[in-house]
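Below is one structure; the comments refer to it alone.
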Amino acid sequence: MKVIKRLSVLIVLVLIFSMLVACSGNDESSGGAADNKQSDDGNTVSEETNSEAQNVKQPVTIDFWHIWSDDTGKEVAAELISDFQKQHPEITVKDLGVSFWDYWTKISTAIAGGSGPDVAFNDINNVPARAKAGAILKLDEYITRDNFDMNIFFPNLIDVVKYNGGVYALPLDTDVRVLYYNKAAFREVGLDPEKPPTNWDELEQYADKLTKWNSDKLLDRIGFSPFMGNAYLWTWAWTNGGDFFDEQGNPTINKPENVETLEWMVKIQNKYGVKAIQAFNSQTGSLGYSPFIAGKIAMVVDNNTLYSQIKQYAPDMEFGVAPIPYRKQPASWSNGFTLEIVDNKDKAKADAAWEFLKFMTGKDAQMKLVTKLSDFVANRTVAEDPSLMSDPVWATFVEQMNVSRFREYIEASPSWFNSISGEIDAAANSKKTPQQALDDAQKLIENEIANYKQTQE
């Protein structure tokens, strides 16, 4: 009987153990990759992955530096941080807002000295430089772990946050250039205010009609100048099939299409004359806002920030926006900012910083950046929200991202566009021909690259 009783107890224990194993197995399968849900930032992640990603084990404090230092920007930053901490009570975010003009020196000096924040607001154009220096963390491990969808961003933003194939930053916001035109001025000279110019020839013809001189032979209104606004040589050259570097990173500054573009720009500028332009700039320089808003320029290529300024300074202005007129191919130019995790050799802080990056690039935070700061956000799913796309001006911004480009990042000459600006100015002021100016610019960049290569040997 004792043997039978012992055998019965053993059988019961085996059965109980089997049931526990079965239950455990069911829990694992229901919590694995097969069960997905929508995360707070709008990305689809698995239950298991989401639990790991959202749950920082111990309380942690991270530092976040940014440019929202005063007024509405400061208020929005505080609100976003509060929203984040409600979702992540285990993470405390200490932020420091620094004015735009002082921020870049402060952040670069701090990171170089090893005293930077955990999360840094930074320039999207120079991500590769910081990645190569080892100043910021590669994000691929986090992206893979959390099944984070990079396709929420505009496609042309994704490549510029990569270095050697790895992702080192998340895009936060961007911008794009379009043609702004004064509809009232169009109507005044007999142009159809609903038909802006679409190519270089039309742009020049419209500019001639829209230009007004006063009795003192000074410019009262400029129809259009390619040297005014926010486009620069590279943007116009792209619309003419030009480029400034080949696929191997060799400079093509004096490429025929680029020379042709600068010749066209100078031709239009020469219709006004250097002295008249200087007088015009002197007159409008004290406005505090774009001369387009003051009705002093009838057409200008500028970024989406001008739209915010129009709403602030001239809310009743009758204007339109359109794609940049092109000669060979449509093109625009974008800049932007990122959020990056500074490599402070602290995994707990890095994990918390990643959660903050996801939140700031997610739907709720990005929508607040649009509605409260008028940012043109990097999250395409937010930018294309029907509530925003109902505005035809905003819709044009979004559409032009399909043809917009970033300036090439060249490791050996990261500021090549600044280096050649003096030569472009020389052509604009008739001190050099466009060919001479770009030939000299070509030599300048070639020398920069050669000197860089010598330092690497």
Side-chain angles (χ1 to χ4, degrees), residues 100 104 108 122-132 153-164 168-169 171-179 226-255 257-262 265 301-305 323-324 326-338 340 376 378 397 400-425 427-428 434 437-438 440-449 452:
F100 180 88
W104 309 108
S108 59
N122 228 320
D123 181 1
I124 198 170
N125 292 286
N126 301 320
V127 172
R130 293 185 290 278
K132 182 185 178 184
F153 303 115
F154 286 103
N156 48 355
L157 300 180
I158 298 175
D159 286 341
V160 290
V161 298
K162 290 182 177 181
Y163 175 69
N164 285 346
Y168 282 83
L172 181 68
D173 64 11
T174 186
D175 64 11
V176 68
R177 276 84 185 149
V178 297
L179 177 74
F227 288 101
M228 295 181 179
N230 199 272
Y232 304 102
L233 172 63
W234 48 86
T235 312
W236 293 110
W238 292 337
T239 71
N240 192 37
D243 57 52
F244 291 81
F245 293 88
D246 62 21
E247 293 181 357
Q248 288 73 44
N250 301 309
T252 58
I253 311 297
N254 60 350
K255 189 174 182 177
E257 291 85 350
N258 298 342
V259 174
E260 187 177 49
T261 300
L262 188 53
M265 294 172 69
V301 170
D302 214 321
N303 64 23
N304 45 281
T305 303
I324 298 174
Y326 62 92
R327 185 172 189 185
K328 292 182 180 178
Q329 62 188 31
S332 186
W333 165 42
S334 290
N335 274 321
F337 299 105
T338 63
E340 302 165 359
F376 187 48
F397 296 154
Q400 289 311 292
M401 286 300 291
N402 292 321
V403 297
S404 196
R405 296 171 58 170
F406 283 80
R407 290 177 305 214
E408 296 93 333
Y409 175 79
I410 304 299
E411 189 173 293
S413 182
S415 297
W416 62 267
F417 41 87
N418 288 328
S419 298
I420 68 173
S421 62
E423 297 300 330
I424 297 170
D425 288 342
L438 293 189
D440 290 345
Q442 175 76 16
K443 293 175 184 177
L444 185 65
I445 301 305
E446 286 176 351
N447 289 337
E448 280 191 9
I449 293 175
Y452 174 83

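Residues: numbered from 1 along the sequence shown.
- Side chain of Gln400 to backbone of Pro323: no donor-acceptor contact under 3.5 angstrom is found.
- Each side-chain hydrogen bond (donor to acceptor under 3.5 Å, both in side chains) pair with one or both residues in residues 240-254, not counting sequence neighbours, appears once here: Asn240-Glu260, Asn240-Thr261, Asp243-Thr252, Asp243-Lys255, Asp246-Asn250, Asn254-Asp439.
- Here the CG atom belonging to Asn304 is positioned 5.0 Å from the CZ atom belonging to Phe397, to the nearest 0.5 angstrom.
- Val301 has its side chain within reach of Leu179: a pair of non-hydrogen atoms, C-beta onward, lies under 4.5 Å apart.
- The side-chain heavy atoms of Phe245 and Ile445, taken from C-beta on, include a pair separated by under 4.5 Å.
- Distance alone, capped at 3.5 Å, places no donor-acceptor pair between the Ser334 side chain and the Ser404 backbone.
- Counting heavy atoms from C-beta on, the side chains of Thr174 and Met401 come closer than 4.5 Å.
- At least one side-chain heavy atom of Trp104 sits under 4.5 Å from a side-chain heavy atom of Asn122.
- Between Phe100 and Phe337, the two ring planes are perpendicular [angle over 60°; tilted spans 30° to 60°].
- Contact annotation: the side chain of Arg407 never approaches that of Phe244 to less than 4.5 Å [non-hydrogen atoms, C-beta and beyond].
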Under 3.5 Å, which donor-acceptor pairs do the side chains of residues 229-236 form with other protein atoms, sequence neighbours left out?
residue : atom : partner : partner atom : Å
Asn230  : OD1  : Arg177  : NE           : 2.9
Asn230  : OD1  : Arg177  : NH2          : 2.5
Thr235  : OG1  : Ala231  : O            : 2.4

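- Summarising the geometry of Ile158 relative to Lys162, their closest heavy-atom pair is O-CG, 3.5 Å, with the distance given to 0.1 Å.
- Residue Asn335 forms a side-chain hydrogen bond (donor to acceptor under 3.5 Å, both in side chains) with just one option from Asp175, Asn303, Asn125, and that option is Asn125.
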Next on the checklist: With side chain to side chain contact (heavy atoms under 4.5 Å, CB included) as the criterion, how do Val160 and Val127 come out once you've worked through the C-alpha distance, each side chain's angles and the decisive distance to 0.1 Å?
Outcome noted: CA-CA 7 Å; Val160 290; Val127 172; over 6 Å; no
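- Between Trp238 and Phe406, the distance separating the two ring centers is not shorter than 6.0 angstrom.
- In this structure, the side chains of Arg405 and Asn156 stay at 4.5 Å or more apart for every pair of heavy atoms.
- Residues Ile124 and Pro171 come closest through the heavy atom pair CD1-CB, 4.4 Å.
- Between atom CD1 of residue Ile253 and atom CD1 of residue Ile420 there is a gap of 5.0 Å, rounded to the nearest 0.5 Å.
- Shown here for Glu448 and Ser413, the closest heavy-atom pair between the two residues is OE1-OG, 2.6 Å.
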Item to check | side chain to side chain contact (heavy atoms under 4.5 Å, CB included) assessment of Tyr168 paired with Arg130 | outcome: CA-CA 9 Å; Tyr168 282 83; Arg130 293 185 290 278; over 6 Å; no
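- Remark: the backbone N or O of Pro251 is not paired with any side-chain donor or acceptor of Glu446 at under 3.5 angstrom.
- Put simply, the side chain of Phe376 does not reach to within 4.5 Å of the side chain of Asp173, judged on heavy atoms.
- Of all the heavy atoms in Leu157 and Ala378, the pair that sits closest is CD1-CB, 3.5 Å.
- Across all their heavy atoms, Ala331 and Ile324 have their closest contact at O-CD1, 3.7 Å.
- Ser421 places a side-chain N or O within 3.5 Å of a backbone atom of Asn418 that can act as its donor or acceptor partner.
- With values rounded to the nearest 0.5 angstrom, Gln442 atom CD is found 11.5 Å from Glu423 atom CD.
- A 6.0 Å sphere centred on NZ of Lys443 holds no more than 12 heavy atoms belonging to other residues, nucleotides or ligands.
- Separation of atoms OG1 (Thr239) and NZ (Lys328) is listed at 10.0 Å; rounding is to 0.5 Å.
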